[in-house]
*Asks:* 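Structure in structure tokens, see below.
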Amino acid sequence: MRCLALICLLICSALPALSKDKTAVDIGISTLGTYVAPSAQIAPNFQLRTPLYVGRLNRQITHDGNKLDSQLSVTSGHVMADYFVGPSGLHLSAGIAVGGYELTGTAVNPTLDGTSYPGQFDFLVEQDRRVTPVAAVGYRRETGSGWGISAEFGARFSQLELSTSGQETLGTSQRNSFEQDIDDLNRELSELPVIPFASLGLVMNF
């Protein structure tokens, strides 16, 4: 992620030189975490934007009677090209996402599909690709005083995958059954072909 931060820093430093009209910075909250998004107008209806997302959440999750101590973290960034549809503030966006969600945790004596497995198991849920296309529909409204509001709904063209460790201590029969249950969970995750997100922020124009 140091590489991502360096790329975003270089792009942000170049935005004033790219801008033909104005630059701006969005600050807000998203299902991807809190974010800051420098942007620059590069043509009458086009804008280059580089949102950077950071977030972390620790909590205990209860799923099918299992208690899981988990940590959800996200460090990611987008490089987006925005096309504004007339003066309405509506824009269509496409670009590249780097990084993503990472959910880690521990479960003790979990029960999967009615079968209990003794021991402690670590799990990891993350995107199957760290670099992936992203598309979105957004809205930006200027107040005329240098401030504005923004909203965005989009999706990363990636899926979530579950991996585990700890099943090595099980007997052969139980280990095969456990791994089959994990495969079933991954098939369920694969039914969602994209990872959706939504964002809401304030805009500071320069």
*Asks:* Check whether V79 and I42 end up in the same hydrophobic cluster, where Ile, Leu, Val, Met, Phe, Trp and Tyr are linked by side-chain heavy atoms less than 4.5 Å apart.
*Replies:* yes
*Asks:* Side chains of E102 and V125, heavy atoms from C-beta outward: is any pair under 4.5 Å?
*Replies:*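 They are not in contact (no side-chain heavy atoms under 4.5 Å apart), so the answer is no.
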*Asks:* Check whether F84 and V25 end up in the same hydrophobic cluster, where Ile, Leu, Val, Met, Phe, Trp and Tyr are linked by side-chain heavy atoms less than 4.5 Å apart.
*Replies:*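 Cluster IDs for F84 and V25 differ.
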*Asks:* Where is the tightest heavy-atom contact between A198 and S30, given as atom of each residue plus distance?
*Replies:* O-OG, 3.0 Å
*Asks:* Indicate the atoms forming the closest heavy-atom contact of A151 with L200, along with that distance.
*Replies:* CB-CD1, 4.1 Å
*Asks:* Heavy atoms, side chains only, cut-off 4.5 Å: are L103 and L124 in contact?
*Replies:* no
*Asks:* May I ask whether I61 and L162 are part of the same hydrophobic cluster, defined by side-chain heavy atoms of I, L, V, M, F, W, Y residues being less than 4.5 angstrom apart, directly or through others?
*Replies:* yes
*Asks:* Only pairs at least two apart or in different chains count here, so list each ring-ring contact (aromatic ring centres under 6.0 Å, His included) that has a residue in residues 123-156.
*Replies:*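 Checked against ring-ring contact (aromatic ring centres under 6.0 Å, His included) - neighbours excluded - no pair reaches residues 123-156.
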*Asks:* Return the CG to OG1 distance between D181 and T115, rounded to the nearest 0.5 Å.
*Replies:*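 Those atoms lie 6.0 Å apart.
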*Asks:* Only counting residues at least two apart or in another chain, list the ones meeting salt bridge (Lys or Arg N to Asp or Glu O under 4.0 Å) with R187.
*Replies:*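 With sequence neighbours excluded, R187 shows a salt bridge (Lys or Arg N to Asp or Glu O under 4.0 Å) to D184, given in chain and number order.
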*Asks:* Output the rest of the hydrophobic cluster of V194: all Ile, Leu, Val, Met, Phe, Trp and Tyr residues reachable through side-chain heavy-atom contacts under 4.5 Å, sorted by chain and number.
*Replies:* F157
*Asks:* Using the side-chain contact (heavy atoms from CB on, under 4.5 Å) criterion, which residues pair with L192? Sequence neighbours excluded.
*Replies:*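 L192 satisfies side-chain contact (heavy atoms from CB on, under 4.5 Å) with P196 only.
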*Asks:* For Y101, give me all partners under ring-ring contact (aromatic ring centres under 6.0 Å, His included), at least two apart in sequence or on another chain.
*Replies:* none
*Asks:* Does the side chain of R156 reach to within under 4.5 Å of the side chain of L32, using non-hydrogen atoms?
*Replies:* yes
*Asks:* Hydrogens and angles aside, do R175 and T169 bring a side-chain donor and acceptor to less than 3.5 Å of each other?
*Replies:*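 No.
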*Asks:* I need the E188 CD to S190 OG distance, nearest 0.5 Å.
*Replies:* 9.0 Å
*Asks:* Listed by chain and number, what are the side-chain contact (heavy atoms from CB on, under 4.5 Å) partners of Q60, not counting sequence neighbours?
*Replies:* K67, D69
*Asks:* So, do V203 and I149 sit near enough that their side-chain heavy atoms are less than 4.5 Å apart?
*Replies:*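 A side-chain contact under 4.5 Å is absent here.
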*Asks:* Side-chain atoms of residues 105-114: list all donor-acceptor pairs with protein atoms under 3.5 Å, sequence neighbours left out, distances to 0.1 Å.
*Replies:*
| from | atom 1 | to | atom 2 | distance (Å) |
| --- | --- | --- | --- | --- |
| T106 | OG1 | D122 | OD1 | 3.0 |
| N109 | OD1 | G119 | N | 2.8 |
| T111 | OG1 | S116 | OG | 3.0 |

*Asks:* How long is the gap from NE2 on H78 to OG1 on T50, to the nearest 0.5 Å?
*Replies:*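 Going from the NE2 atom of H78 to the OG1 atom of T50 covers 11.5 Å.
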*Asks:* For R59, does its backbone N or O pair with a side-chain atom of S70 as donor and acceptor, under 3.5 Å?
*Replies:*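 Side chain of S70 to backbone of R59, a donor-acceptor pair under 3.5 Å: yes, one is there.
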*Asks:* On a heavy-atom basis, which atom in G100 and which in R130 lie closest, and how many Å separate them?
*Replies:*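 Minimum heavy-atom contact is N-NH2, 3.8 Å.
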*Asks:* Is the number of heavy atoms from other residues, nucleotides or ligands under 6.0 Å of R56 CZ greater than 12?
*Replies:*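 For R56, atom CZ is not crowded (no more than 12 foreign heavy atoms under 6.0 Å).
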*Asks:* With F121, which residues qualify under ring-ring contact (aromatic ring centres under 6.0 Å, His included), at least two apart?
*Replies:* F178
*Asks:* Mind checking what makes side-chain contact (heavy atoms from CB on, under 4.5 Å) contact with I29, not counting sequence neighbours?
*Replies:*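 Checked I29 against side-chain contact (heavy atoms from CB on, under 4.5 Å); matches are T34.
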*Asks:* List for me each residue that meets salt bridge (Lys or Arg N to Asp or Glu O under 4.0 Å) alongside D82, sequence neighbours excluded, and say none if there are none.
*Replies:*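 Here the qualifying residues are R49.
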*Asks:* Examine the side chains of T164 and Q167 and answer whether a donor and an acceptor come within less than 3.5 Å of each other.
*Replies:*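 Judged by distance alone, the side chains do pair up.
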*Asks:* Applying salt bridge (Lys or Arg N to Asp or Glu O under 4.0 Å), name anything that partners E142, two or more places apart in sequence or on another chain.
*Replies:* K22
*Asks:* Is there a chain of hydrophobic side chains (I, L, V, M, F, W, Y, each step under 4.5 Å between heavy atoms) that links Y35 to V134?
*Replies:* yes
*Asks:* What is the minimum heavy-atom distance between T143 and G148, and which atoms define it?
*Replies:* CG2-CA, 4.0 Å
*Asks:* Say whether, by atom type as modelled, one donor and one acceptor occur between the side chain of D128 and the main chain of E161 under 3.5 angstrom.
*Replies:* no
*Asks:* Suppose we screen for ring-ring contact (aromatic ring centres under 6.0 Å, His included). Which residues come up paired with Y83, at least two apart in sequence or across chains?
*Replies:* F46
*Asks:* Look up atom OG in S93 and atom CE in M80, then write down how far apart they are to the nearest 0.5 Å.
*Replies:*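 Here the interatomic distance stands at 4.5 Å.
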*Asks:* Establish whether Y53 and L160 are linked, either directly or via other cluster members, by ILVMFWY side-chain heavy-atom contacts under 4.5 Å.
*Replies:*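 Both belong to a single hydrophobic cluster.
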